[in-house]
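Shown next, in structure tokens, is the structure this report addresses.
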Amino acid sequence: MKQKKLIIFIFISVVAVGSAFFMFNNEKKPALAEKSREKIKALQKRRLQRLKQKKISKQRRRKESGFTRNNRSINKKAISSNKKVWRDIGNYPHKEKMIKHFSRFRKSASSSTTNAPPIELKLGKLIEKKQGKKTFSIREVLVSINHPKNPSNFIALVDEKTGRIIRKQGRRITDPFSKIGKRLSTQGLQQLQH
Amino acid sequence: MIWQSPELKKFKLSKKIINDVICFISILFCFVLMGCNSGANPFNAVGVGLDDTGGTRSSNSELSQNSWQSIDSPNYGRVLLYSPAILEKNPSQLDPEMNISKYLSKPVFITDNPILQESCAGNNNTNTEIETCYNVIEDAGVAFIEKSYERWAFDVKTSSFDQVQTFYHLKGVIDYYLKSLNYLYNNQSQPAVEPGLNYNTSIPLNLYDSKAHFLAGDTFTAFARCNLADNAFFDTATNSMCLGFLGKFPQVKAAHDPSIIQHELGHALTNVMLNIRTIAKTTNFPFRSEIKYSFYDEAGSINEGVADFYAHIFDQRDAVFEYLFGTFSSGFRPVTETHQLHAPGISTEPEDRISYPHFVNYVPDAPELIIEDVHQAGMIISHFLTALKRDLMTTCLWDHETAAKKIFNVILETYAYLGDLSATGNDYYPHGTVNLGSDLDQFGSPTSLLWYSRVRPVNFRSWSQTFARFFVQTIAKSSSTACNKSYYPKDKLETMLDSYGLLLFDNYNDDGNHHSQGHGGSNHVINPENRLKTTMVDKDLLGLDQREDASQVFVFDKRRDILSALESLLQVGLTEEISTKIDSELIHNNGNGQVSPGEVVGLAFNLYNSSNSEMGGVQILANDWDHVKVENGKRKPCPNFSDEWPSSDEGAADISDEDPSAPLSGECQFITKTNGNPLASTGGINDPATEINEFPHPVCFVQITDEDATYWASQEEYREKVGLEKKDCLNEDDSHSCFMRTIKGGDSAFYSRIEPNKSWSETVVDPATGSPTYGIHNLIFFEINRETPPGTTFDCRFRVRFTNCKNCWNDETKYNGDDFLDYEFSGEKPFKILHYQFTIFN
């Protein structure tokens with residue numbers, strides 16, 4: 001009987017001490033909620049590890065004081081991204097037409113001598129959209145207007161055959177740290193009597 | 001001393017040991033429970049549960065520096081869980097020069113990836129993960145940072161710290177979204193389940209296969225330390241966000257205020273949600289729905305409010321941006337009426353809540369200002385969502401996390417539906433249920449985009465209605481037992497909406513807007529008795545100011561003003577095309593307040609509200625619409641509308657032989673079901689019939705004087721009369737707008753609010769000057785062909801409507817108040833017609 005009690009006591013103690021160790025050491029291990037996330041990331045982790053295998057193995061050899069010294073030597077270009085790919089506009093046939101389009105009305109309103117801000121075009125995907133008997137060829141072009149005070153980007157969807165801009169999309173949602181935006185001068189207000 | 005036998009002693013000892021063990025195990029259980037509880041808080045935030053501005057949130061450390069030696073575990077780092085303004089008990093301690101290390105959290109897991117980059121989970125057990133979903137760098141073109149001694153620990157003054165800080169909160173918000181979406185997909189909405197057994201979810205079945213759960217895999221990048229003073233933004237084109245700094249105190253960074261990160265990411269998530277269906281249900285379709293389409297519009301305002309609410313989800317505060325704006329600047333925004341920043345008289349009593357449209361121009365810390373700004377107008381939505389969340393917590397006995405997540409899911413459904421350019425709305429209803437139709441027109445642009453951006457855009461009515469519909473189909477579903485063993489009463493939702501002036505619909509429009517099935521389904525209707533505060537106004541009470549000496553239209557033609565406006569429109573990509581016939585220096589703009597050849601002019605309409613209630617969300621449309629009939633190869637203005645214009649001897653189309661009960665394609669009584677798109681799908685089982693001679697026509701007609709008559713005609717007819725070659729038109733491919741045409745993107749004007757018996761210019765007044773201040777969004781822009789003969793007279797037929805209009809969106813007497821169908825917005829029915837007649841002066 002005594003032996004039984006002693007065995008139960010030892011068993012409970014072992015479980016309790018083990019649980020306590022697990023619990024107080026919890027911070028160093030992934031939390032329960034993190035486990036599912038880790039599963040999700042396992043694939044990516046393996047891939048990223050492969051990408052920098054050589055560098056990491058070098059780093060491991062340089063262990064100091066139990067910690068791995070990070071020497072900032074990852075090849076950034078090797079890290080993949082799903083970001084839309086924008087390549088140099090090159091000699092895209094509609095380049096001049098587009099630059100002309102975006103340069104119009106670009107001289108600063110406050111000074112007619114100010115030059116238009118630089119415009120950068122980058123070429124994206126060509127999309128062939130079939131609709132009935134017609135096929136639309138639509139080119140994505142990233143337009144960056146490098147205005148010194150207010151740079152902006154948007155995507156121009158261009159008719160690949162004619163160079164006509166079908167649509168501009170992808171605008172910026174700004175949260176300026178002031179409440180009042182640009183207003184038109186009320187001095188310019190003219191009234192048309194009826 | 002009482003003697004005890006050895007057996008008794010042993011028994012007592014064993015009992016004591018057992019008691020101790022039980023006690024120890026109990027304590028252990030308590031710890032485990034506490035651990036579980038902290039696991040429920042994904043942000044390890046101290047003080048979460050305090051749903052207010054006060055409370056005991058505090059940092060866990062009094063660190064002087066953020067060193068890697070102080071962090072035991074690899075891949076961990078310290079961050080600001082809340083901004084210093086929240087964590088500091090004594091506001092006088094807040095100083096731009098202070099060391100913010102003392103506000104850092106205990107070590108939190110950042111990432112075990114070598115850089116600040118993360119994947120986005122797909123559906124369970126499928127290969128639908130987006131591998132490189134989001135990442136953080138300092139600024140555009142700057143390399144990724146890496147860990148320091150395997151820790152994400154950097155001095156708080158460095159850009160590296162800002163990046164870790166941004167990444168931590170970014171991950172929190174995106175994980176929250178992905179988990180919510182996954183729950184929706186697999187549990188709540190279940191797109192694989194027939195909607196009759198569940199509800200008409202807008203989440204598509206191929207959500208994950210198409211990677212529509214995060215913009216088809218386009219990586220989102222956060223720039224944690226942008227070289228941008230006094231600004232933060234989300235950039236849709238590059239799918240990135242930028243966190244700037246205070247110009248006054250450059251060391252104070254936007255990244256140090258988590259609510260700014262959460263707010264900006266809120267915009268990004270809205271962008272993701274809006275395009276879920278478009279990505280999933282279309283192929284080779286590059287068009288996307290955007291958050292807003294003007295410098296001020298209601299879609300943009302709502303989104304600002306939703307983004308503020310997202311920040312509230314994560315910090316449970318009564319306001320957003322308390323650090324940057326509350327401490328070192330002004331302009332932080334409350335999300336509830338109990339916040340002290342509000343003007344006196346505002347409270348959580350239903351009659352005292354900030355309601356639509358009265359508070360769209362309201363600035364809490366400067367109530368004397370009246371401005372049209374999306375951030376201010378959005379407060380109505382953030383306050384509504386916060387109040388609804390609190391009511392769910394009270395009524396359903398839910399905690400903050402549960403109530404917030406339920407609302408988040410409804411927002412997700414709402415945006416996925418409203419932004420759907422595939423025009424289906426859900427996987428079960430036919431093409432054309434929402435946003436008219438996805439077919440490209442002859443110019444290569446989908447009609448759905450025109451509807452979404454201009455003709456039937458997101459506004460306070462459509463957003464509230466769609467939100468309420470999904471709310472009723474889920475949280476207020478009568479078969480649900482999730483809300484304290486019952487369901488949240490629909491009447492409570494309607495009462496809450498009404499207290500914010502948002503009960504702007506009669507019918508929940510469950511059956512969509514399809515041309516033939518849009519009135520065919522069963523619809524929920526509101527209880528009219530719940531509408532106490534929301535005001536609905538007849539569209540006929542809106543018009544141009546007819547008072548004596550009042551101007552009806554203001555003409556802006558001053559060169560500098562117009563050049564500046566065009567530059568802004570072009571700068572942000574709001575306009576596709578300005579005619580090459582217009583001089584790019586605007587040399588013809590003479591600033592004489594008249595419309596002259598060769599000019600670009602902005603027209604501001606002096607709108608007058610002759611009702612006794614406020615009007616909100618007034619929008620004037622100048623896009624092409626169905627108001628002509630082709631007779632003998634010429635387009636004639638239809639005279640069958642409420643404006644009774646023109647008369648038969650002034651050039652009107654002949655409608656004498658038309659049967660209004662069965663109009664035929666090409667007749668004035670017939671409204672095109674494809675917006676006159678000759679390339680639209682027609683003839684199929686759910687498609688409209690093929691149409692002939694249906695043309696959306698420009699708003700402006702021109703007066704022609706013959707030997708024996710004066711009449712109104714199309715600009716093409718006038719071109720022939722004056723002998724102008726087509727190549728000299730503003731657009732040689734469209735001679736119907738040869739002499740005068742609206743600039744796309746500038747073809748719609750917004751006015752936030754008009755007070756009763758006042759004009760807009762008497763409502764939105766700058767208190768400093770006593771005059772209205774016009775924004776670009778208030779104007780409609782026209783190009784005038786320099787070949788236009790002086791003396792030419794035009795009559796332009798605009799359409800106007802507003803959000804709290806009782807007969808602009810539905811007819812309360814028909815189909816139980818069900819919404820007008822999408823195609824009807826090609827005609828007059830949902831609008832009031834406004835005329836503007838003028839003569840060209842040299």
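Numbers restart at 1 for each chain; the letters A, B, ... are given by sequence-line order, proteins then strands. Atom set for the values below is all heavy atoms of this structure, side chains included, hydrogens, waters and symmetry mates excluded. Because the structure is predicted, anything quoted here is derived from the model rather than measured.
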**Proximal component of Leu157(A), with respect to chain B [non-hydrogen, under 4.5 Å]** = side chain
**Request:** With a 4.5 angstrom heavy-atom cut-off, could you sort out which part of Thr282(B) is near chain A: side chain, backbone, both or neither?
**Result:** neither
**Message:** I need the residue from Leu569(B), Ile130(B), Ile578(B) with the largest number of non-hydrogen atom pairs under 4.5 Å to chain A.
**Reply:** Ile578(B)
**Prompt:** Side chains of Ser240(B) and Asp235(B): do they bring a donor and an acceptor to under 3.5 Å?
**Reply:** no
**Fill in**
Note: vs chain A, highest number of non-hydrogen pairs under 4.5 angstrom among Gly745(B), Ala232(B), Ala229(B) is Ala232(B)
**Request:** Under 4.5 Å heavy-atom distance to chain A, tell me which part of Ile582(B) shows up: side chain, backbone, both or neither.
**Result:** both
**Message:** Which one wins on heavy-atom pair count under 4.5 Å against chain A: Leu246(B), Val374(B), Leu449(B)?
**Reply:** Leu449(B)
**Message:** Tell me the closest heavy-atom pair linking His267(B) and Ala307(B), and the distance in Å.
**Reply:** CE1-CB, 3.9 Å
**Asked** Between Glu140(A) and Lys84(A), is the closest basic N to carboxylate O distance under 4.0 Å?
**Response** yes
**Complete:** When the 4.5 angstrom heavy-atom criterion is applied to Phe321(B) and chain A, the contacting part is neither
**Item:** Partner chain B: residue of Ile173(A), Thr162(A), Ile127(A) with the largest heavy-atom pair count (under 4.5 Å)
**Value:** Ile173(A)
**Message:** Under a 4.0 Å threshold between the charged nitrogen and the carboxylate oxygen, would Glu120(A) count as salt-bridged to Lys122(A)?
**Reply:** yes
**Request:** Would you check, one step at a time, whether the test side-chain hydrogen bond (donor to acceptor under 3.5 Å, both in side chains) holds for Thr236(B) with Asn271(B)?
**Result:** CA-CA 8 Å; Thr236(B) 323; Asn271(B) 185 48; 5.0 Å; no
**Request:** Could you walk me through whether Ile155(A) and Trp86(A) pass side chain to side chain contact (heavy atoms under 4.5 Å, CB included), step by step?
**Result:** CA-CA 11 Å; Ile155(A) 297 168; Trp86(A) 301 107; 3.9 Å; yes
**Prompt:** Taking every heavy-atom pair that is under 4.5 Å apart, which of Thr769(B), Leu574(B), Leu440(B), Thr580(B) has the most such pairs with chain A?
**Reply:** Leu440(B)
**Item:** Test log, rule side chain to side chain contact (heavy atoms under 4.5 Å, CB included), inputs Asp159(A) and His94(A)
**Value:** CA-CA 10 Å; Asp159(A) 185 327; His94(A) 306 303; over 6 Å; no
**Prompt:** With a 4.5 angstrom heavy-atom cut-off, which part of Asn153(A) approaches chain B: side chain, backbone, both or neither?
**Reply:** both
**Pairs of heavy atoms under 4.5 Å with chain A: top-ranked of Leu566(B), Asp439(B), Asn239(B), Asp766(B)** = Asp439(B)
**Request:** May I ask you to check whether Glu160(A) and Tyr92(A) show a side-chain donor-acceptor distance below 3.5 Å?
**Result:** yes
**Request:** Verify salt bridge (Lys or Arg N to Asp or Glu O under 4.0 Å) between Arg164(A) and Glu577(B), making sure each step is shown before the conclusion.
**Result:** CA-CA 9 Å; Arg164(A) 188 179 59 82; Glu577(B) 186 187 6; 5.8 Å; no
**Prompt:** Hey, does the Lys NZ or Arg CZ of Arg171(A) hover above the aromatic six-ring of Phe154(A), less than 6.0 Å from the centre and inside 45° of the axis?
**Reply:** no
**Asked** Quick one: is the NZ or CZ of Lys211(B) closer than 6.0 Å to the six-membered ring centre of Phe214(B), and within 45° of its axis?
**Response** no
**Message:** Counting heavy-atom pairs under 4.5 Å with chain A, which one of Leu215(B), Val572(B), Asp218(B), Leu679(B) comes out on top?
**Reply:** Asp218(B)
**Prompt:** Is the gap between the ring centers of Phe556(B) and Phe554(B) under 6.0 Å?
**Reply:** no
**Prompt:** Is it the side chain or the backbone of Ile138(A) that comes within 4.5 Å of chain B heavy atoms, both, or neither?
**Reply:** side chain
**Request:** Could you look at Leu586(B) and say if it's the side chain, the backbone, both or neither that has a heavy atom under 4.5 Å from chain A?
**Result:** side chain
**Prompt:** Considering only heavy atoms, which portion of Glu290(B) lies under 4.5 Å from any heavy atom of chain A: side chain, backbone, both, or neither?
**Reply:** side chain
**Message:** Please classify the contact of Leu324(B) with chain A as side chain, backbone, both or neither, using a heavy-atom distance under 4.5 Å.
**Reply:** side chain
**Prompt:** At a heavy-atom separation under 4.5 Å, does Lys129(A) approach chain B through its side chain, its backbone, both, or neither?
**Reply:** both
**Request:** Sort Leu142(A) into side chain, backbone, both or neither according to what part of it lies under 4.5 angstrom from a heavy atom of chain B.
**Result:** side chain
**Complete:** Given Lys133(A), Glu128(A), Lys130(A), Lys100(A), the one with more heavy-atom pairs under 4.5 angstrom with chain B than any other is Glu128(A)
